Colleague: 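Quick one: the structure is below, questions incoming.
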Amino acid sequence: MLHNPRPAAIPSGLPDDCFEEYDGAETVEAIAGALRGLGVYVEPVVADRGCARALEDGGFDFVFNIAEGNGRRNREAVPAAVCELLGLPYTGSDPLTLALTLDKWAARRMVSPEVPVARGVLLRGDCDGLQGLRYPVMVKPNDEGSSKGIRADSVVMSLDDARVRSQRLMADYGCPVLVEEFLPGAEITVGVMGNGARARVLAAMEIAPVDDAAPFVYSLEVKRDFARRVRYHVPPRVSDEVRARVERMALDAYALLGCRDVARMDFRLDGDGAPCFLECNPLPGLNPESGDLVILSRGLMEYDALVQGILLEALGRTGVRLG
Ligand SMILES: Nc1ncnc2c1ncn2[C@@H]1O[C@H](COP(=O)(O)OP(=O)(O)O)[C@@H](O)[C@H]1O
Ligand SMILES: [Mg+2]
């Protein structure tokens with residue numbers, strides 16, 4: 001199992017969410033336990049600069065990849081690329097898809113117009129283009145995940161505030177900033193599993209605030225306190241027609257982005273109730289308590305079956321047999 005463990009302490013000078021996407025020991029142990037349930041030998045390997053040697057020396061047959069890597073928009077692609085370099089089959093999407101989805105702007109360009117997205121601009125230094133948007137807008141780091149850089153004050157009401165917030169994010173995260181028109185409707189995340197024509201929706205789940213506070217943002221503060229501040233609804237509290245539309249869009253985006261085995265896609269409804277794609281997570285968090293993919297599939301299967309399902313999809317795709 002190729003992974004990046006979450007360090008215990010945050011070096012001074014870095015934002016307090018700098019290791020947010022890395023996995024804690026409880027997640028690594030839960031995944032290992034689930035995989036061992038299939039009768040396979042599992043060993044956690046850290047996706048650091050020594051990982052090529054560790055993978056080669058370990059004599060492994062298959063890599064279960066949850067590594068988030070280091071660096072900017074290519075960070076998730078690198079551990080998968082190391083597996084390719086070594087000729088080791090691995091779970092999940094390939095390096096191109098992992099990089100493409102981490103760059104939210106590139107992912108939007110890839111899925112639309114077939115899958116609608118909110119109107120937005122990418123800022124790479126100056127703040128040109130902000131005047132063409134309708135406010136409020138959402139200001140977010142373009143190549144982050146796990147709600148890093150997304151706080152309650154990421155929703156800004158005016159051009160001046162958007163400029164200030166964008167400059168700060170560019171300085172703090174060292175990446176371009178994506179500014180999107182704020183989508184005020186329900187938030188729905190969709191789990192997809194499988195490959196090719198057999199890719200299927202596991203479930204769609206609405207993520208709603210406990211107190212219906214407007215505007216709701218599934219920010220870092222909210223995610224960290226999910227048990228008190230969030231209610232999860234499976235199925236989402238929307239019409240059958242909207243739900244079917246979101247599920248279709250999730251499958252289309254999965255195919256357009258070239259996802260494999262598993263992914264979780266985030267959507268939000270606009271002011272007219274029409275769904276828009278926010279982003280795709282081809283390495284969805286698998287924390288047994290708080291992972292959104294885990295939560296949305298609870299009514300369908302146990303945690304172990306979900307994790308095993310990812311490996312079984314990858315084995316089927318690559319033609320590798322257990323045992
Ligand atoms: N255009 C938008 N309109 C409304 N809310 C948004 C928009 N973009 C992001 N959000 C909110 O911010 C959260 C995190 O954004 P997302 O693009 O999914 O990034 P992350 O990779 O951090 O999950 C979303 O779950 C949603 O609550
Ligand atoms: Mg998201």
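All ligand and atom numbering here is 1-based and tracks the order in the structure. In this chain, residues are counted from 1 in sequence order. Note that the structure is predicted; figures quoted are calculated from it, not measured.
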Colleague: Out of R264, E187, E279, who gets a non-hydrogen atom closest to atom 26 (C) of ligand 1?
Modeller: E187
Colleague: Check the side chains of T189 and R264 for a donor-acceptor pair under 3.5 angstrom, ignoring hydrogens and angles.
Modeller: yes
Colleague: Under a 4.0 Å heavy-atom limit, does I150 contact ligand 1 with its side chain, its backbone, both, or neither?
Modeller: side chain
Colleague: With the Mg ion (ligand 2) at the centre, find the angle made by OE2 from E279 and OD2 from D266, to 10°.
Modeller: 90°
Colleague: When only distance counts, is V217 in polar contact with ligand 1, meaning an N/O pair under 3.5 Å?
Modeller: no
Colleague: Quick check against the 3.5 Å criterion: does S290 have a side-chain atom that pairs as donor or acceptor with the backbone of N287?
Modeller: no
Colleague: Side chain of E206, backbone of R237: donor and acceptor closer than 3.5 Å?
Modeller: yes
Colleague: Pick, from R108, M138, M265, the option with the minimum heavy-atom distance to atom 11 (C) of ligand 1.
Modeller: M138
Colleague: Please name the residue in the list L183, V217, V179, L178 that meets the side chain to side chain contact (heavy atoms under 4.5 Å, CB included) test with M138.
Modeller: V217
Colleague: Looking at residues at least two apart in the chain, or sitting in another chain, which of them share a side-chain hydrogen bond (donor to acceptor under 3.5 Å, both in side chains) with D292?
Modeller: Y218
Colleague: Any nitrogen or oxygen of N281, main chain or side chain, under 3.5 Å from a nitrogen or oxygen of ligand 1?
Modeller: no
Colleague: On a heavy-atom basis, I'd like to know which of K140, K104, E180, R151 is closest to atom 2 (C) of ligand 1.
Modeller: E180
Colleague: Have N142 and D103 got a donor and an acceptor in their side chains that come within less than 3.5 Å?
Modeller: yes
